[in-house]
Amino acid sequence: MCRTKSHMLRSILLTVVICLTSSARSNDDLQAEKLRIITHNVWYGFTKKTEPRYTDWKRWMKAQAPDVVSLQELNTYTEERLQADAESFGHPYSVLLKEDGFPTGITSRYPITDVKRIRQGFHHGLLRCRIQGIWFYVIHFHPSNFQWRIDEAALLKQDVESLPEENPKVVLAGDFNGFSPADKSQYDSDQLLVPFFKGLDRKNSRARNLNEGRIDYGGIQAIVKQGYTDLIASRGSPHLPFVGTFPGALVSEQDHGTDRRLDYIFVSPSLREKVESVAILRDYCTEMLSDHIPVTATIRLREPAARKSVFASKPKLLQETGAGEGPAWDSKLGLLTSGEGNINLLTAGGERSVWFRDAESNGLRFDKHGDLVICQSGQRRVVRRSQDGSLQVLADNYRNRKFNTPNDLAIDAKGRIYFTDPRYGDRSSIEMRDDSGREVEGVYRVDPDGSVARIITHEVDRPNGIAITTDNRFLFVADNNNNNVGGARKLWRFNLNPDGSIDAATQTLIYDWGSTRGPDGLKLDTKGRLYVAAGRNRAKLPYETSDPPNAGIYVFSPAGELLEFVPIPRDETTNCAFGSPDGKTLFVTAGGTLWSIRTTTPGQVF
């Protein structure tokens with residue numbers, strides 16, 4: 001009897017061990033669908049200006065949800081500290097190059113294998129490893145000697161040639177401290193950069209920043225000649241201004257020279273066509289995280305499983321005029337839109353009429369009581385129109401300064417109203433300024449007690465559309481500065497605190513429309529997907545391009561992945577809203593026209 005029980009127990013334990021081992025192996029060996037990479041030089045391991053930037057950096061990194069992070073200047077770090085940082089943003093794996101000088105390191109959501117630490121011949125050292133079948137090299141080349149950087153590139157080539165496979169998949173990510181020939185026109189036009197480096201070379205006889213008095217491109221040229229693609233340069237546009245990665249605003253009180261690009265992500269030819277997106281993450285938040293600006297790229301490793309479209313029909317034109325903005329659906333009234341200075345009504349039966357004449361409105365939203373909250377941009381205020389037709393002014397000033405032009409709004413689960421306040425066109429009447437006198441195009445919150453708070457001041461360039469998740473966790477803001485060449489055309493996400501303020505350290509870029517028309521109105525469905533009106537079909541030069549035509553509705557997953565795009569053939573696609581009795585019709589305003597698209601999921605309601 002005892003022998004039988006003992007045998008059964010051993011069998012059970014063996015089965016459990018086999019299952020656990022198999023499960024662990026399958027999780028480790030499972031190929032990710034894509035890898036999001038971030039590289040960041042964190043400036044002296046946070047030993048300078050430590051707080052709040054160190055705490056903010058960890059919150060920021062967690063909000064970005066990267067899969068692999070390449071890090072430079074981890075001064076004073078130990079393996080244990082790097083592992084603790086990694087775990088704070090969801091990475092169970094990490095490797096540190098060394099614990100002296102200026103270490104580099106790497107963290108990952110997936111296992112790190114084939115680690116090699118190379119110090120001979122490199123000023124800071126070279127860290128190599130393998131993640132998800134890709135060879136990663138964490139780069140930190142010499143900061144002040146162009147010839148040393150060329151030599152380091154040659155040593156890098158030797159190590160890549162020693163890899164065990166032909167045509168290996170390779171990513172080079174880090175602080176190359178060198179100049180790209182792709183940026184030569186920028187540096188040629190910069191009258192301050194060469195004199196700055198001449199001064200550095202005079203102060204330090206061992207420094208060789210310049211090559212016979214000129215900017216040297218040899219280090220980066222050597223990398224390019226090895227067949228690697230500079231991802232930022234490969235996605236560049238002549239319509240966009242130069243964006244560098246050094247120096248950041250954090251060290252603005254010191255003279256570090258003018259803006260330049262020192263941080264790169266390169267990929268080998270075998271990965272070039274797998275790159276989905278790349279960006280220099282330069283924004284109000286990252287400017288204060290380090291003296292360097294982070295760079296990101298996303299690489300697709302395998303094709304996703306087939307998805308069903310979120311749309312159940314093609315766009316249908318409902319009317320040619322009267323629907324410039326808005327829109328908002330009420331089960332009793334029908335659809336309201338802002339257009340031709342009025343708020344116009346389209347009933348479920350197709351009848352059209354003016355519902356609120358001379359409203360001078362833009363964004364519209366019904367609250368949980370069935371009253372309409374209106375951004376009266378023409379009167380620079382936000383009002384509530386009750387069902388009996390009476391108007392209540394909710395906000396017309398902040399600290400005794402008139403708003404710019406309230407544009408769009410959202411209402412959270414607690415009944416708090418959030419609205420954007422940009423200024424398009426003439427700016428002569430702007431009153432809204434910060435304490436330094438700088439113009440403010442902000443985002444504001446109106447609480448149920450009537451108090452008004454500014455929650456975004458300069459974190460975005462020109463806020464437009466706005467949305468809040470049903471659980472009040474996230475705030476999305478459309479940043480659409482289409483009045484200025486090179487202005488922001490980006491969609492941002494912020495963590496929303498319980499008190500209705502944002503956590504500025506969690507600012508996350510969801511999508512960048514580049515030089516075309518940026519995001520305008522946006523709405524969420526009940527599964528947390530985001531529907532964004534954006535793009536142009538015909539260029540409006542020099543401010544907005546349209547190559548190719550890209551006006552329509554962009555659909556993003558709750559994690560920020562672009563899932564689908566449906567074109568709208570009119571300019572400009574300005575806003576959207578869910579409606580109809582089942583909530584599965586997306587109404588779209590575009591250049592005064594109104595469209596409808598049936599969806600598979602109803603829109604978000606509170």
Side-chain angles (χ1 to χ4, degrees), residues 35 37-39 41 68 70-72 97 104 106 113-184 186-187 208-209 211 214-236 245-246 260-276 278 280 295-301:
L35 286 182
I37 303 159
I38 291 178
T39 182
N41 180 321
V68 178
S70 168
L71 296 166
Q72 304 88 52
L97 171 67
T104 63
I106 192 165
T113 63
D114 302 276
V115 175
K116 183 178 181 181
R117 298 172 174 89
I118 308 171
R119 301 190 64 170
Q120 184 66 36
F122 289 90
H123 184 65
H124 293 306
L126 183 70
L127 178 60
R128 185 195 82 187
C129 64
R130 199 175 194 183
I131 302 169
Q132 289 283 298
I134 296 176
W135 295 97
F136 281 85
Y137 286 84
V138 183
I139 306 294
H140 194 189
F141 283 172
H142 200 290
S144 60
N145 190 307
F146 73 86
Q147 185 59 55
W148 201 319
R149 292 193 290 267
I150 295 171
D151 295 341
E152 288 175 316
L155 291 174
L156 169 68
K157 180 183 179 184
Q158 291 178 17
D159 192 76
V160 173
E161 289 174 344
S162 74
L163 295 176
E165 69 251 41
E166 294 185 11
N167 301 317
K169 297 175 181 178
V170 177
V171 171
L172 315 177
D175 177 3
F176 286 70
N177 271 314
F179 299 93
S180 169
D183 303 330
K184 187 175 185 300
Q186 166 66 22
Y187 301 135
R208 296 182 68 191
N209 287 288
N211 184 356
R214 296 188 298 272
I215 297 291
D216 187 272
Y217 299 94
I220 298 300
Q221 281 178 323
I223 299 295
V224 173
K225 286 180 180 179
Q226 293 171 29
Y228 295 100
T229 297
D230 173 357
L231 293 186
I232 290 294
S234 71
R235 301 295 178 95
T245 65
F246 179 88
R260 50 202 187 270
R261 189 162 67 99
L262 303 181
D263 305 84
Y264 300 78
I265 298 178
F266 286 90
V267 298
S268 59
S270 53
L271 288 175
R272 186 180 299 126
E273 301 305 317
K274 302 293 185 180
V275 178
E276 285 197 345
V278 59
I280 296 174
V295 180
T296 186
T298 298
I299 298 174
R300 180 165 290 284
L301 302 184

Heavy-atom count check: over 12 atoms from other residues, nucleotides or ligands less than 6.0 Å from Glu161 CD? yes
Rounded to the nearest 0.5 angstrom, the CZ-CG distance for Arg272 and Leu231 is 9.5 Å
In Å and rounded to the nearest 0.5 Å, what is the CZ to CD1 distance from Arg149 to Ile223? 11.5 Å
Taking the side chain as every heavy atom from C-beta outward, state whether Ile38 and Val295 have any atom pair closer than 4.5 Å. no
Would the distance check show the side chain of Ser70 and the main-chain N or O of Ala173 forming a donor-acceptor pair, the cut-off being under 3.5 Å? yes
Side-chain heavy atoms of Val275 within contact of Thr298, under 4.5 Å: no
Can you tell me how far apart CG (Leu126) and CD (Glu152) are? Round to the nearest 0.5 Å. 8.5 Å
What distance separates Arg300 CZ from Glu276 CD, expressed to the nearest 0.5 Å? 4.0 Å
So Leu97 and Val138, do their side chains get closer than 4.5 Å, heavy atoms only? no
Got a sec, which residues hit side chain to side chain contact (heavy atoms under 4.5 Å, CB included) with Asp151, two or more places apart in sequence or on another chain? Gln147
Determine whether Arg130 and Phe136 satisfy the following criterion, side chain to side chain contact (heavy atoms under 4.5 Å, CB included), listing intermediate values before the conclusion. CA-CA 6 Å; Arg130 199 175 194 183; Phe136 281 85; over 6 Å; no
Looking at Val68, Val171, Ile37, which hits side chain to side chain contact (heavy atoms under 4.5 Å, CB included) with Ile131? Val68
Can you list everything that forms a ring pair (Phe, Tyr, Trp, His ring centres under 6.0 Å) with Phe141? Sequence neighbours excluded, please. Phe176
Taking the side chain as everything from C-beta on, heavy atoms only, tell me whether Trp148 gets closer than 4.5 Å to Pro143. no
Side chain to side chain contact (heavy atoms under 4.5 Å, CB included) against Ala182, all qualifying residues, sequence neighbours excluded: Ser180, Ala233, Arg261
Residue list, side chain to side chain contact (heavy atoms under 4.5 Å, CB included) with Val224, at least two apart or on another chain: Ile220, Phe266
Least distance between heavy atoms, Leu155 atom then Phe122 atom: CB-CZ, 3.5 Å
Quick one, Gln72 and Thr39 - any side-chain contact, counting heavy atoms below 4.5 Å? yes
Tell me, which pairs form a salt bridge (Lys or Arg N to Asp or Glu O under 4.0 Å) where one or both residues lie in residues 114-124, sequence neighbours left out? Glu79-Arg117, Asp100-Arg119, Lys116-Asp159
Using side chain to side chain contact (heavy atoms under 4.5 Å, CB included), reason through Tyr228 and Val267 one step at a time and then give a plain yes or no. CA-CA 5 Å; Tyr228 295 100; Val267 298; 5.9 Å; no
Mind running side chain to side chain contact (heavy atoms under 4.5 Å, CB included) on Ile232 and Asp263 for me, showing each step along the way? CA-CA 10 Å; Ile232 290 294; Asp263 305 84; over 6 Å; no
Could you check if a side-chain atom of Leu35 sits within less than 4.5 angstrom of a side-chain atom of Leu301, using non-hydrogen atoms only? yes
Step-by-step side chain to side chain contact (heavy atoms under 4.5 Å, CB included) determination, Val278 to Thr296: CA-CA 6 Å; Val278 59; Thr296 186; over 6 Å; no
What distance do Ile265 atom CD1 and Ile139 atom CD1 have between them, rounded to the nearest 0.5 Å? 11.5 Å
Would one find more than 12 heavy atoms of other residues, nucleotides or ligands at under 6.0 Å from atom CD of Glu165? yes
Residue list, side chain to side chain contact (heavy atoms under 4.5 Å, CB included) with Ser270, at least two apart or on another chain: Lys169, Ser268
Report yes or no: does Tyr264 contribute a side-chain atom to a donor-acceptor pair with the main-chain N or O of Gly178 at less than 3.5 Å? yes
In Å, rounded to the nearest 0.5 Å, how long is the span from CG of Leu262 to CG of Asp175? 6.0 Å
Could you check if a side-chain atom of Ile106 sits within less than 4.5 angstrom of a side-chain atom of Leu127, using non-hydrogen atoms only? yes
Residues Ala153 and Gln226: closest non-hydrogen pair is O-NE2, 3.0 Å
Is there a side-chain contact between Val160 and Tyr137 (heavy atoms, below 4.5 Å)? yes
